[in-house]
2 protein chains.
Amino acid sequence: MHKGRRMHRHQQAIRERKSREKDQRIQGILAAAKKVFFSKGYVRTTMDEIAFEAQISKPTIYQYFKTKDELYSSLMLPFLEEFGSRFERIEKKLKNGKYATGRDLVKDIFRLFIRCYEHAPDSMRVANTFFQHQDLISQLSQEARSAISGKGKYDFQIARGVIETAIAQGLIKDIDSYALSDIIWGIFLGLTQVMDMKSTKQGSTDKYLKSTLRLAERLLVDAIVQE
Amino acid sequence: MHKGRRMHRHQQAIRERKSREKDQRIQGILAAAKKVFFSKGYVRTTMDEIAFEAQISKPTIYQYFKTKDELYSSLMLPFLEEFGSRFERIEKKLKNGKYATGRDLVKDIFRLFIRCYEHAPDSMRVANTFFQHQDLISQLSQEARSAISGKGKYDFQIARGVIETAIAQGLIKDIDSYALSDIIWGIFLGLTQVMDMKSTKQGSTDKYLKSTLRLAERLLVDAIVQE
DNA sequence: CAAGCATTTAACTTATAGTTAATTATTTAA
DNA sequence: TTAAATAATTAACTATAAGTTAAATGCTTG
């Protein structure tokens, strides 16, 4: 009986390691893919190059990702998750009555966007480019599609919930929360893109993006904060 | 002598017709390309299908457009031109002192975006997706690249000029005109994209986009108009 | 009618996504 | 220690699409 139980624990441990290794492999592929997709763009990225970058063979990639599209889309998930969890923190703070003014709330929301951008600017760009490929989304496997659009919808929802709570608390003016949350997302998405359009090179862009976001924040505060 | 002159005029007329026909051919290709690119997206669009849609053969396309990328990018030009000329009209009106309030000016700017969107929503979307393909731009022929980026820069400039003039006239508050014009472009670009993200289907989107834009307009007016 | 032009046809080359089967290496369980 | 299972690699393959080419066709002009 003892032996049987030890055995079982051993197998358990092995399964854990295997799953860990599998995860590492997937992470390795994702990291390589992100690097190549970001530097070359979707169209000019080849699976062979990703395999080379990840130091594995091409069929191995296909063992973990059905298609190029699916690999590309998978880069979105961790990013959307980070957005969501950061929003959740703001939501918690808001529900605990930690925001004295709407200004503070808006400041935190903008800080969230900037942090996400700073934390992973390449992911951010990949995310932005992803949304242009509407046609890709529909081609994904059911699984991948529902995972991504689910996370995306969740992020939208939680952002809207934050706005609604803020309105209920009288922190910001009574405005259509759907539209307002779309506007805030839109400002951020649009601004990062405008920046990318204007300067082919990077570098000084980040600083300018941040100062422009600060102005956008100020304008938004002027427009929506309840005095 | 008479005969020689008539001859010359005749040749001239023929050259004109030829150039007109050439232009028609190009327009036909562009129209077909726009249709296919918009319905299928860049990746899944084939040159054979564009040729079929335009009712010409594939090599003929390559007579007018070096590559698929260049054809894709060329769809941008008329769009950027329309933007520019609409902005020029606003600029003229502004310089003639036709705007009594900043609110009227902002309203016209938003109307401009909505008109461009209504007039050619597919171009608008193509334009949006175009800017994600940073990698495409660098691959274009010198000619195509400078034409597009030139027009794009011009549009940015004229928008900024309008804002500066409005500030000088005391219609809107004294705000960094570069940043403010980026924010306005960003709102529009971002919002159309957020809309595209949220609804895979179209239809009701347009109405919702317009009402959201109206809210954005109101917020912007509240934030930047000088009272 | 002959010369010049744009267009088409039909083939081709090249690149890449995606797949497969045989082989090799590694790990596990007895 | 060894047989079985697992995972990866190799090296091929298919299919599709971009881009090219040359010869043939037809239309316009002089």
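Naming convention: chains lettered A, B, ... in sequence-line order (proteins, then strands); numbering from 1 in each chain.
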Of the listed nucleotides [options], the one nearest the side chain of [X]:
X	options	result
A:K68	D:dT10, C:dA17, D:dG19	C:dA17
A:S57	D:dA17, D:dT10, C:dT16	D:dT10
B:Y62	D:dG19, C:dA17, C:dT8	D:dG19

In whole angstroms, how far is the [atom2] atom of [N] from the [atom1] atom of [X]?
X	N	atom1	atom2	result
A:Q24	D:dA8	CD	P	12 Å
B:D69	D:dG19	CG	C1'	12 Å
A:R44	C:dA15	CZ	C1'	13 Å
A:I61	C:dT16	CD1	C1'	13 Å
B:I29	C:dA6	CD1	C1'	12 Å
A:D48	D:dT10	CG	P	12 Å
B:I26	C:dA6	CD1	P	12 Å
B:I50	D:dG19	CD1	C1'	13 Å

N/O (side chain, A:Q63) to phosphate O (OP1/OP2, D:dA7) under 4.0 Å: no

Phosphate contact (D:dA8 OP1 or OP2) by A:R25 side-chain N/O below 4.0 Å: yes

Donor-acceptor pair (no angle test) under 3.5 Å: A:K58 side chain, C:dG18 base: yes

Residue met sooner reading DNA chain C from 5', once A:M47 and B:Q55 are mapped to nucleotides: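 Checking each residue's closest nucleotide, the 5'-ward one belongs to B:Q55.
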
Aromatic ring proximity A:F83/A:F113, centre distance under 6.0 Å: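 Judged by ring-centre distance (under 6.0 Å), A:F83 and A:F113 do meet the cut-off.
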
Between A:E88 and A:Y154: side-chain donor-acceptor atoms closer than 3.5 Å: yes

Smallest separation among heavy atoms of [X] and [Y], with atom names:
X	Y	answer
A:L191	A:A216	CD1-CB, 4.4 Å
B:T212	A:A179	CG2-O, 3.8 Å
B:S177	B:I163	CB-CG2, 3.8 Å

Sugar-phosphate only, base, or nothing, as touched by A:T60 at under 4.0 Å among non-hydrogen atoms: base

Touch class at under 4.0 angstrom, heavy-atom based, for A:Y64 against every strand present: sugar-phosphate

